[in-house]
Amino acid sequence: MTINEQNPVIITQEDYNLLKPYIDKMNGASNEMSLSHELHRAVIVKKEAFPMHAVRLNSKVTIMDEDSGKTKAFTIVMPEFADMRQQKVSVLTPMGTALIGFRQGEEVMWQVPAGLKRFRILEVINQA
């Protein structure tokens, strides 16, 4: 069991409905580090039951690379709203997919273009 599998992915029904068409377009391709895999293992909850410090669409997230100690802050958005100049990262990027459904304080291991990385979620801010 990987570090990611130890922690359940929690997602709102609303976010699941927005993301499902993207995994359908991928023909259900589901390797361990894919959006499809994460959504298939997700616990789907109503918006009111969603944990306050869990990452969802439009969450502002601050993470720390466990190896380098560097921190980054960005907002996870749908692909059409992604804009790195505004620190808006698409949920379809490796980083967006890695964090969706995890909670503040958790460690996430994910394959990114630079290789396998471990991140700690330092802060999650969700709009009311």
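We count residues from 1, following the sequence as given.
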Practice task
Let me see the working for Val108 and Ile121 under side-chain contact (heavy atoms from CB on, under 4.5 Å), right down to the final yes or no.
Solution key: CA-CA 8 Å; Val108 178; Ile121 302 171; 4.1 Å; yes
Problem - Side-chain donor or acceptor of Arg103 paired with backbone N/O of Gly101 under 3.5 Å - result: yes
Practice task
Working to the nearest 0.5 Å, report the span between OG1 of Thr62 and CZ of Arg120.
Solution key: 14.0 Å
Practice task
To the nearest 0.5 Å, tell me how far Phe119 CZ sits from Lys72 NZ.
Solution key: 6.0 Å
Practice task
State, with a plain yes or no, whether a side-chain heavy atom of Leu39 is found less than 4.5 Å away from one of Tyr16.
Solution key: yes
Handout entry: Check: Val91 main-chain N/O paired with Thr97 side-chain donor or acceptor under 3.5 Å
Key = yes
Handout entry: Check ion pair Arg56-Glu14 (N to O, under 4.0 angstrom)
Key = yes
Exercise for the section: Is it possible for you to say whether Leu122 and Met109 belong to one hydrophobic cluster, with membership spreading through side-chain heavy-atom contacts below 4.5 Å? Expected result: no
Practice task
State whether the side chain of Ser59 and the backbone N or O of Val61 hold a donor-acceptor pair below 3.5 Å, judged by distance alone.
Solution key: no
Practice task
Could you give me the CA-CA distance, side-chain angles and deciding distance for Leu92 and Leu35, then say whether side-chain contact (heavy atoms from CB on, under 4.5 Å) is met?
Solution key: CA-CA 7 Å; Leu92 299 183; Leu35 181 61; 3.5 Å; yes
Completion exercise
What one should report as the nearest heavy-atom pair of Arg41 and Phe102 is NH2-CZ, 3.4 Å
Handout entry: Sidechain-backbone polar pair: Gln13 side chain, Val45 backbone, donor-acceptor under 3.5 Å
Key = no
Fill in the blank from the handout: From the list Ile10, Ile11, Val9, side chain to side chain contact (heavy atoms under 4.5 Å, CB included) with Ile44 holds only for Ile11
Practice task
Without swapping roles, check the side chain of Asn126 against the backbone of Met52 for a donor-acceptor pair under 3.5 Å.
Solution key: yes
Exercise for the section: Would you mind telling me which of Asn58, Thr93, Val55 makes a side chain to side chain contact (heavy atoms under 4.5 Å, CB included) with Ile76? Expected result: Val55
Problem - Lys117 with Asp67: basic N within carboxylate O range, under 4.0 Å - result: no
Handout entry: Side-chain heavy atoms of Arg118 within contact of Glu107, under 4.5 Å
Key = yes
Problem - Met78 side chain near Leu19 side chain, heavy-atom distance below 4.5 Å - result: yes
